[in-house]
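Data block below; observations after.
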Amino acid sequence: MAKIAVIGIGPMGSILSAHLVKAGVDVILVDFLRRRLLSIQKQGLTVKDPRNQIIGGFTVYPEKFLFSAGDIPEKLDAIFIATKTYSLMQVASEIRELVSPSCKLVIYQNGLDNQDQIAQVFGTENVFRNINNYAGLMNSDTEAEVTFFNRPNYIGTMPNGNRAQAEELAEFLSAAGLETKFTENIKKSEWEKVILNASLAPISAATGLTMKDVMDYSPLRLMVESLFKEGIQVGMKAGVQFADDFFESAMSYLKKGGYHKPSMLLDVENRERTEIDFMNGKIVEYGEKLNVPVSYNRMITALIKGLEQKGIKAGKI
């Protein structure tokens with residue numbers, strides 16, 4: 001797997017790209033943010049991880065950049081789509097005529113059912129879903145920081161997809177320093193991640209508080225728990241079987257988030273569009289379809305959508 005494109009050079013895409021370049025992979029960084037890519041071209045891309053043994057992190061110097069997904073070359077082994085979830089179908093339309101039949105498409109995003117959407121365009125065999133268990137932020141255009149990594153990440157296929165290729169991708173990512181395991185039940189991992197994100201991220205976004213601040217304040221922690229339990233009920237009705245200790249282990253996981261600002265909070269602070277429609281909004285969609293009460297998720301979705309109006313009024317969304 002020698003030639004890779006990463007579309008979306010935000011925190012997740014930057015951390016992924018830097019690890020791949022460090023491992024000697026031929027990587028094209030793709031993003032419409034010209035300033036960011038031009039800065040990386042001049043100064044390199046640095047990744048910092050407080051728990052990494054490499055003091056001060058590491059810096060790599062990517063050599064290939066594109067400002068549009070529509071300019072990617074046809075001959076690629078894999079494309080990792082690490083944009084915001086709401087940009088997925090726009091990216092799909094841009095690369096539709098460029099992707100070779102053998103190119104692997106890896107959905108490297110938050111959200112629910114992303115791979116199902118893109119499979120409608122490209123088919124199921126070469127579409128893979130990656131569930132990330134690391135979080136990051138951009139300290140600058142050229143520096144990404146890993147704020148936590150609850151190893152491993154997971155990767156899986158669509159139904160009747162290519163398991164061998166998914167296992168190869170897991171080994172490939174692990175060799176680059178991002179521990180990843182193949183799972184036969186990526187939908188379960190997907191629902192677990194969505195429920196986790198949908199429980200705390202919008203509370204943080206609505207209050208302006210970090211993960212730790214939310215979990216340390218009991219009235220807000222109770223809201224997190226209520227959102228979580230509601231998400232579990234919807235997921236179970238959708239056919240997902242969660243571990244008996246999923247709630248307890250998840251609350252412990254969220255309490256360890258520290259002073260991390262979820263991406264949804266950063267989006268609200270920057271008056272940008274959030275991914276609420278693809279997290280809590282999806283839980284509401286499933287709940288209404290399956291006749292499961294979703295009052296908490298409906299309320300927080302409306303609240304975050306209301307906050308997005310600031311961006312709309314400011315002309316940023």
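Just so it is clear, the structure is predicted and the values come from calculations on it, not from any experiment.
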Considering only NZ, NE, NH1 and NH2 on the basic side and carboxylate oxygens on the acidic side, decide whether D113 and K282 come within less than 4.0 Å.
yes
Out of V106, T83, D31, V27, which one pairs with V6 under the side chain to side chain contact (heavy atoms under 4.5 Å, CB included) rule?
V27
What distance do M12 atom CE and L178 atom CG have between them, rounded to the nearest 0.5 Å?
9.0 Å
Where do A119 and T124 come nearest, in terms of heavy atoms and distance?
CB-CG2, 4.1 Å
Are side-chain N/O atoms of E275 and T85 paired as donor and acceptor at under 3.5 Å?
yes
Co-members of the apolar cluster containing Y86 [side chain, <4.5 Å]:
F278
Determine, stepwise, if the pair N133 / K193 fulfils side chain to side chain contact (heavy atoms under 4.5 Å, CB included).
CA-CA 8 Å; N133 286 316; K193 179 68 181 296; 4.3 Å; yes
Show, in sequence, the C-alpha distance, side-chain angles and deciding distance for L209 and L265, and conclude whether the side chain to side chain contact (heavy atoms under 4.5 Å, CB included) test is met.
CA-CA 8 Å; L209 298 174; L265 170 54; over 6 Å; no
I'd like to know if the side chain of T147 and the backbone of A135 have a donor-acceptor N/O pair within less than 3.5 Å.
yes
Cluster check Y253, I232: I/L/V/M/F/W/Y, side chain < 4.5 angstrom
yes
Do the side chains of V240 and I186 join up, straight or via other hydrophobic residues, at under 4.5 Å, putting them in one cluster?
no
Decide whether a cation-pi geometry holds between K104 and F128; the criteria are a distance under 6.0 Å from NZ or CZ to the six-membered ring centre and an angle within 45° of the ring axis.
no
Heavy-atom side-chain proximity of P202 to L303 below 4.5 angstrom
no
Other residues, nucleotides and ligands only: do more than 12 of their heavy atoms fall within 6.0 Å of CD on Q41?
yes
R129 versus K187: any side-chain heavy-atom pair under 4.5 Å?
no
Look at the aromatic rings of F246 and F228 and report parallel, tilted or perpendicular, splitting at 30° and 60°.
tilted
Group every Ile, Leu, Val, Met, Phe, Trp and Tyr by side-chain heavy-atom contacts under 4.5 Å, then state whether V292 and V284 land in the same group.
yes
I need the minimum non-hydrogen distance between R221 and M215, along with the two atoms involved.
NH1-O, 3.0 Å
F182 vs E171 side-chain heavy atoms within contact, under 4.5 Å:
no
For a salt bridge (Lys or Arg N to Asp or Glu O under 4.0 Å) check, start with the C-alpha distance between E192 and K188, then their side-chain angles and the critical distance, and finish with the verdict.
CA-CA 6 Å; E192 289 174 346; K188 177 174 179 288; 2.7 Å; yes
Between CG on residue L137 and CD on residue E145, distance to nearest 0.5 Å
5.0 Å
Donor-acceptor pair, distance only, cut-off 3.5 Å: does the side chain of N126 make one with the backbone of P101?
yes
Going only through I, L, V, M, F, W and Y residues with side-chain contacts under 4.5 Å, is there a path from F67 to F80?
yes
Is it the case that over 12 heavy atoms from other parts of the model lie below 6.0 angstrom from the CD atom of E269?
yes
Value for CD1 (I304) from OG1 (T274), rounded to nearest 0.5 Å, stands at 6.5 Å
Within the distance-only criterion (no hydrogens, no angle test), does the side chain of D141 pair as donor or acceptor with the backbone N or O of S39 below 3.5 angstrom?
no
Check which hydrophobic residues are tied to I72 through side-chain heavy-atom contacts below 4.5 Å, counting indirect links as well, and list them.
I7, I28, V30, L66, L76, I79, I81, L88, M89, V91, I95, L98, V99, L105, I107, I118, V121, F122, V127, M158
Is there a donor-acceptor contact under 3.5 Å from the side chain of R36 to the main chain of I9?
yes
Cation-aromatic face contact K256/F148, 6.0 Å, 45 degrees:
no
Value for CG (L290) from CD (Q233), rounded to nearest 0.5 Å, stands at 12.0 Å
What do you reckon, is CD of E248 surrounded by more than 12 foreign heavy atoms closer than 6.0 Å?
yes
Could you go through the salt bridge (Lys or Arg N to Asp or Glu O under 4.0 Å) check for K84 and E272 one step at a time?
CA-CA 11 Å; K84 290 288 190 178; E272 296 175 350; over 6 Å; no
Give a yes or no on whether the backbone of T180 and the side-chain of S174 come within a donor-acceptor separation of less than 3.5 Å.
yes
Residue among Y154, Y286, F242 satisfying ring-ring contact (aromatic ring centres under 6.0 Å, His included) with W191:
Y286
For N297 and A198, work out which heavy atoms get closest and say how close.
OD1-CB, 4.4 Å
Minimum heavy-atom distance A144-I15, with the two atoms named:
CB-CG1, 3.9 Å
Test side chain to side chain contact (heavy atoms under 4.5 Å, CB included) on F172 and I4; report intermediate values, then the result.
CA-CA 12 Å; F172 170 73; I4 306 293; 4.0 Å; yes
Of all the heavy-atom pairs spanning V47 and A18, show the shortest one and how long it is.
CG2-CB, 3.4 Å
Could you give me the CA-CA distance, side-chain angles and deciding distance for K261 and D267, then say whether salt bridge (Lys or Arg N to Asp or Glu O under 4.0 Å) is met?
CA-CA 10 Å; K261 287 186 174 183; D267 290 337; over 6 Å; no
For P11, is there any backbone N or O sitting under 3.5 Å from a side-chain donor or acceptor partner on S14?
no
With hydrophobic residues grouped by side-chain heavy-atom distances under 4.5 Å, do L227 and L220 end up in a single group?
yes
Indicate yes or no for a side-chain donor-acceptor contact from N270 to the backbone of L266 under 3.5 Å, with no hydrogens or angles considered.
yes
Decide if atom OH of Y217 counts as having more than 12 heavy atoms of other residues, nucleotides or ligands within a radius under 6.0 Å.
no
Strictly distance-based, threshold 3.5 Å: is any side-chain N or O of R151 a donor or acceptor partner for the main-chain N or O of Y134?
no
Crowded around F32 CZ? As in, over 12 foreign heavy atoms under 6.0 Å?
no
Quick one: which of I131, N132, L169 gives a side chain to side chain contact (heavy atoms under 4.5 Å, CB included) with I155?
L169
Indicate the atoms forming the closest heavy-atom contact of P262 with M211, along with that distance.
CG-CG, 4.0 Å
Are more than 12 heavy atoms from other residues, nucleotides or ligands located less than 6.0 Å from atom CG of D245?
yes
To the nearest 0.5 Å, what is the distance between CG (L200) and CE (M251)?
8.0 Å
Might you work through the side chain to side chain contact (heavy atoms under 4.5 Å, CB included) test for K305 and D277, ending with a clear yes or no?
CA-CA 9 Å; K305 296 292 286 185; D277 288 331; 3.1 Å; yes
Indicate yes or no for a side-chain donor-acceptor contact from S140 to the backbone of E143 under 3.5 Å, with no hydrogens or angles considered.
yes
So, the side chain of E230 versus the backbone of Y296: is there a donor-acceptor pair under 3.5 Å, distance only?
yes
Distance check, rounded to the nearest 0.5 Å: D213 atom CG versus I203 atom CD1?
13.5 Å
